[in-house]
**Student:** 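Pasting in a structure now, in structure tokens, and then I'll have a few things to ask.
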Amino acid sequence: MADLPGSLQACLSMGKVAFLAILVSGGIVMQILACALYNNWWPMLSVIMYVLLPMPLLFFAGSDSSSLYTDSNNSWINATKFLTGASTVGSIAIPIILKHAGIIGWGAMAMDLSSFVVFVIAILCFMGMSEDDDYTMF
């Protein structure tokens, strides 16, 4: 991409940001629709897990977030990995437990899980951006 003009490079990088914004917005809309279409707001419980998901990374990993991908004996990094994994499992488990308890229906559960998948795709796209875009944390 180094041989492209500067204006085209800027347009492509803004397109990446716009794509990420559309993905996150789509996930939020799906989460709200999972509640509004079925007139049952219990699926909003998974939003708590979405809010808690980045907290261990923010508090425990600090500026050394590249160590999350290595085998480390640092107990803070191990705690970060555990709490992030627990939040991720909770994001999947909440709609399944609500369906099993008979509180929500199949459609609400499917939309809630689809919202989670869209958020995961957005996170993976964000992490996949190249280093020279200045939008990546890792």
**Student:** Should the ring pair Y50 and F116 be called parallel, tilted or perpendicular, given that the plane angle runs from 0 to 90° and is split at 30 and 60?
**Tutor:**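 Ring orientation, 0 to 90° scale: parallel.
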**Student:** Compare every heavy atom of K99 with every heavy atom of I104, then report the nearest pair and how far apart it is.
**Tutor:**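 Between these two residues, the closest heavy atoms are O-CD, 3.4 Å.
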**Student:** Let me check something: do W106 and Y38 share a hydrophobic cluster, defined by ILVMFWY side-chain heavy atoms less than 4.5 Å apart, either directly or through other members?
**Tutor:**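 No, because W106 and Y38 fall into different hydrophobic clusters, even though each may have its own neighbours under 4.5 Å.
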**Student:** Quick one, L98 and I94 - any side-chain contact, counting heavy atoms below 4.5 Å?
**Tutor:**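 Yes. Closest side-chain heavy atoms under 4.5 Å.
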**Student:** Contact between N78 and F82 at the side-chain level, heavy atoms closer than 4.5 Å - yes or no?
**Tutor:**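 Not touching, per the 4.5 Å side-chain cut-off.
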**Student:** Check whether any side-chain heavy atom of I48 lies under 4.5 Å from a side-chain heavy atom of L45, and answer yes or no.
**Tutor:**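 Yes, side chains in contact.
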**Student:** At what distance, to the nearest 0.5 angstrom, does CG of L83 lie from CG of L53?
**Tutor:**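 Nearest 0.5 Å value for the CG-CG distance: 10.5 Å.
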**Student:** Applying a strict under-4.5 Å side-chain criterion to I, L, V, M, F, W and Y, I'd like to know whether L23 and V29 cluster together.
**Tutor:**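 The answer is no; the residues belong to distinct hydrophobic clusters.
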**Student:** Without swapping roles, check the side chain of T80 against the backbone of W76 for a donor-acceptor pair under 3.5 Å.
**Tutor:**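 Between the backbone of W76 and the side chain of T80 there is a qualifying donor-acceptor contact (under 3.5 Å).
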**Student:** Atom CE in M30, atom SG in C35: separation rounded to 0.5 Å?
**Tutor:**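 Those atoms lie 12.0 Å apart.
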**Student:** Same hydrophobic cluster for V117 and M49, using side-chain heavy-atom links shorter than 4.5 Å among ILVMFWY?
**Tutor:**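 Different hydrophobic clusters.
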**Student:** Measuring from atom CG of D112 to atom CD1 of I92, what distance do you get when rounded to the nearest 0.5 angstrom?
**Tutor:**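 One gets 11.0 Å once the value is rounded to the nearest 0.5 Å.
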**Student:** When you measure from the side chain of N40 to the backbone of I103, do you find a donor-acceptor pair of N or O atoms at a distance under 3.5 Å?
**Tutor:**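 Yes, because the side chain of N40 sits within donor-acceptor range (under 3.5 Å) of the backbone of I103.
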**Student:** Is there a chain of hydrophobic side chains (I, L, V, M, F, W, Y, each step under 4.5 Å between heavy atoms) that links V47 to W42?
**Tutor:**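 In one cluster: yes.
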**Student:** Does the side chain of P43 reach to within under 4.5 Å of the side chain of P95, using non-hydrogen atoms?
**Tutor:**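 Not touching, per the 4.5 Å side-chain cut-off.
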**Student:** Between G26 and V118, which heavy-atom pair has the shortest distance, and what is it?
**Tutor:**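 Shortest heavy-atom contact: C-CG1, 4.4 Å.
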**Student:** Going hydrophobic residue to hydrophobic residue with side-chain gaps under 4.5 angstrom, can you get from L113 over to V24?
**Tutor:**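 In one cluster: yes.
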